[in-house]
Amino acid sequence: MIRSIVNFICRSSGREADVSEETLKTRLDPSRMPRHVAIIMDGNGRWALRRGMPRAYGHRAGVESLRDIVRVSSEIGLKVLTVYAFSTENWKRPREEIDVLMNLLVEYLHKEIDELCRNNVKVRAIGKIEELPAHARRAVAIAHERTESCTGLIFNIALNYGGRMELVEAVRAISAKVARNELSPDDIGQEAISNHLYTAGQPDPDLLIRPSGDYRVSNFLLWQLAYTEFWLTDVMWPDFRRIHLLQALVDFQRRQRRFGGLN
Ligand code: IPE
Ligand code: IPE
Ligand code: MG
């Protein structure tokens, strides 16, 4: 009881909030790093509106956060970073906003690709890529090709991604194999399903970060999040920087993961 009150107070007052980046780094235990961090890059629109600016201004500012987070993820040796950039539901937004988001993606990939290659980052787009506009598909194809042989950080960009759609596609692929007698229904277990997701072969996320104060999953990595630790913050994505990622990692390393078992 006392422990949970202490935990609550520590969490709600943001224990790491006033600690410098250098100190946070020294607090990190390299042997307990998450292998896979997933981020819902949320809050761009509200961040801009609060400044009396159009939503597009927030999306552009959000790209700076992405740049910083990809760099630090690579520096600290994460194996996989997955960012939610555009959901299957985001098509409900006005055409102009969708265009801004697609243009920013293309611009980002174009500007960053050399540095990503230099840093040995392997770029993967996950989602229904074939439904993206042609210029976005091209940018993704170039990024895939240029970073194909990179062996460092795997950087998944979730684009036209939906967790439910991902499961639908996996079920379709598995059913097709059953119909062709390549797979027996008895062989369909959790591993077979994982192997038919966009993230096949990658570890599930250890840590999910959602900025901007909303507490929901928004159709992100539904299967893969089964035992993921959540770190939620009111910091808006355009303000999110490496210090916030380090805060999340330090907090993650304090947690006890039980996976349904006992301490
Ligand atoms: C995240 O910011 C970017 C995308 C969803 C593509 P939002 O655009 O959702 O910003 P808010 O949540 O409206 O503030
Ligand atoms: C989730 O954010 C999708 C991305 C960040 C790309 P949304 O802003 O679309 O989520 P909801 O609508 O608030 O659930
Ligand atoms: Mg949002």
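Sequential numbering from 1 along the given sequence is applied to the chain's residues. Each ligand, and each atom within it, is numbered from 1 in the order the structure gives. Computed from a prediction, not measured in an experiment: that's the story for all the values here.
- Here R210 has side-chain heavy atoms under 4.0 Å from ligand 2, and that is the only part of it that gets that close.
- Looking only at its N/O/S atoms, D42 has OD1 as the one nearest to the Mg ion (ligand 3).
- Salt-bridge check for R118 with D114: failed, with every basic side-chain N at 4.0 Å or more from each acidic carboxylate O.
- A salt bridge does not link R137 to E130: none of the charged side-chain nitrogens sits closer than 4.0 Å to a carboxylate oxygen.
- Ion pair E64/R67 flagged as a salt bridge, since at least one NZ, NE, NH1 or NH2 atom sits closer than 4.0 Å to an Asp/Glu carboxylate oxygen.
- No salt bridge links R27 with D251; every basic N to acidic carboxylate O contact stays at or beyond 4.0 Å.
- Using a cutoff of 4.0 Å between basic side-chain nitrogens and carboxylate oxygens, R71 and E75 are not scored as salt-bridged.
- Although no hydrogens or angles enter the test, the distance criterion places a donor-acceptor pair under 3.5 Å between the side chain of S87 and the main chain of N90.
- Without hydrogens or angle criteria, Y108 side chain to N103 main chain gives no donor-acceptor distance under 3.5 Å.
- Listed by chain and number, M41, D42, G43, N44, G45, R46, R55, H59, A85, N90, R93, E97, L101 each place a non-hydrogen atom less than 4.0 angstrom from ligand 1.
- Taking every heavy atom of R216 and a limit of under 4.0 angstrom, the matching atoms of ligand 2 come to 11 (P), 13 (O), 14 (O).
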